Amino acid sequence: MSELVPKEGGRPQWSVFKAALETRGFRPSRRFGQNFLLDENMVRAIVRDAGVGPGDRVLEVGSGCGFLSLQLLRAGVDLVSVEVDARLVEITRELLANEPRFRLVEGDVLASKHVLAPTVLAALPLDAPWHLVSNLPYSVSGPVMACAADLVNAPASMTVLVQKEMALRVAAQPATDDWGPLSVRLQVDYTTELVRDVPSGLFWPRPKVESSVVRLTRRPEPWPVLERRALSRLVDELFQRRRQSLGRVLGDLCTPREVAREWIERAGLEPAMRAEDLDLATLRRLVRADPREPDR
């Protein structure tokens, strides 16, 4: 019987996992953002933060050694977990060999920066609610959240442990340095909440950055798809020059430049306003007044 089979109420000691990792020649990868949360109380707290329970469908990205996976399954969820590192896949499969509600997808979660991998998409429900709950690898945290939010059947919630800098960007408010394209793209469809900080001493290896749990909850009335995609294009253009005036930035986007003045007037805005100061409602007015989007 494998030493990695979990005991009732807990998991095997970290020393057992560390020995299994060493046997496989494992060394944590910066490229994959591999920092394992060892503290079981904190792992259980993240499951509680997510608010998931029996019968809920959950996607986990980066199963690692399966610590969060195990607690999610004990909460009663149906879990799909994605892991890119074949050595960690072996360990997770041993730990969760007796779990009928667990499916492990081996490979990269992303096909590209803007698209989830086909194997991941195939494992997600087409029309039933689902949730993203993960200790997200730092290297893919932003793209994973943005790609998930852009799906036709986007997650009902996302509860993720990420680098604190990323959490602050996700939950940022207008007129702050953290407010940017990712904040806008996610907050269009989700309310955001910074839930808790997680001390670096609870991880192995110990990261050099701070970490936080952030929770995103799907709004009851998300933006229409075409309007959301038009917003995504516009914020990319605006935030490249976030501290310049709207009049100047939009003037460079329009031919002739006078079109920009009409655009700003139609949106009821002032040319001197700056992109970094615009909230979601203001950005929506700007999107709807965009003369370059005649089909909306």
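All of these numbers come straight from a predicted model, not from anything done at the bench.
Contact check on Asp252 versus Arg257 returns a salt bridge, with a Lys/Arg side-chain nitrogen under 4.0 Å from an Asp/Glu carboxylate oxygen. The residues Arg44 and Glu40 are annotated as salt-bridged, a charged nitrogen and a carboxylate oxygen being separated by less than 4.0 angstrom. Ionic pairing of Asp150 and Arg228 is present here: one or more N-O contacts between side-chain nitrogen and carboxylate oxygen are shorter than 4.0 angstrom. With salt bridges taken as basic N to acidic carboxylate O contacts below 4.0 Å, none links Arg233 and Asp236.
For the residue pair Asp49 and Thr159, no side-chain donor N or O sits within less than 3.5 Å of a side-chain acceptor on the partner. For the residue pair Glu60 and Ser134, no side-chain donor N or O sits within less than 3.5 Å of a side-chain acceptor on the partner. Side chains of Ser183 and Arg169: a donor-acceptor N/O pair is absent below 3.5 angstrom, by distance only.
Taking the centre and axis of the six-membered ring of Tyr190, the NZ or CZ atom of Arg218 falls inside the cone set by 45° and 6.0 Å.
Taking the side chain as every heavy atom from C-beta outward, Leu186 and Met145 approach each other to under 4.5 Å. Residues Leu238 and Leu246 have side chains in contact (heavy-atom distance under 4.5 Å, counting atoms from C-beta outward). Using a 4.5 Å heavy-atom cutoff, the side chains of Val82 and Leu59 are in contact. Counting heavy atoms from C-beta outward, Arg288 and Glu227 have side chains that approach closer than 4.5 Å. Using a 4.5 Å heavy-atom cutoff, the side chains of Met166 and Val160 are not in contact. At a threshold of 4.5 Å between non-hydrogen side-chain atoms, the residues Asp177 and Trp179 do not count as touching.
Both Met158 and Leu194 belong to a common hydrophobic cluster when Ile, Leu, Val, Met, Phe, Trp and Tyr are linked at side-chain heavy-atom distances under 4.5 angstrom. A single hydrophobic cluster is seen to contain both Leu79 and Leu4, as judged by linkage of ILVMFWY side chains at heavy-atom distances under 4.5 Å, directly or through other members. In the hydrophobic clustering of this structure, Leu231 groups with Met273; members are Ile, Leu, Val, Met, Phe, Trp, Tyr whose side-chain heavy atoms approach within less than 4.5 Å, directly or through other members. Cluster membership for Leu250 and Val235, using ILVMFWY side-chain heavy atoms within less than 4.5 angstrom, is shared. Side-chain heavy atoms closer than 4.5 Å link hydrophobic residues (I, L, V, M, F, W, Y) into clusters, and following such links, even through other members, never connects Leu161 to Val80.
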For this session: Step by step, work out the side chain to side chain contact (heavy atoms under 4.5 Å, CB included) result for Ile264 and Glu270.
Result: CA-CA 7 Å; Ile264 293 169; Glu270 296 295 330; 5.8 Å; no

For this session: Evaluate the side chain to side chain contact (heavy atoms under 4.5 Å, CB included) criterion for residues Leu234 and Leu286: first the C-alpha distance (whole Å), next the side-chain angles of each, then the deciding distance (0.1 Å), finally the verdict.
Result: CA-CA 9 Å; Leu234 181 61; Leu286 202 57; 4.0 Å; yes

For this session: I would like to know whether Val195 and Val214 meet side chain to side chain contact (heavy atoms under 4.5 Å, CB included); could you show each step before the answer?
Result: CA-CA 5 Å; Val195 180; Val214 62; 5.9 Å; no

For this session: Verify salt bridge (charged side-chain N to carboxylate O under 4.0 Å, His left out) between Glu94 and Arg24, making sure each step is shown before the conclusion.
Result: CA-CA 14 Å; Glu94 283 189 44; Arg24 291 162 173 80; 2.8 Å; yes

Exercise. What's the verdict on side chain to side chain contact (heavy atoms under 4.5 Å, CB included) for Thr192 and Arg215, showing C-alpha distance, side-chain angles and the deciding distance?
Worked result: CA-CA 6 Å; Thr192 60; Arg215 177 175 167 82; over 6 Å; no

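Between Phe67 and Phe17, the ring centre distance stays below 6.0 Å.
Annotation: salt bridge (Lys or Arg N to Asp or Glu O under 4.0 Å) contacts of Arg93 (sequence neighbours excluded): none.
In this structure, the separation between SG on Cys254 and CH2 on Trp263 is 5.0 Å, given to the nearest 0.5 Å.
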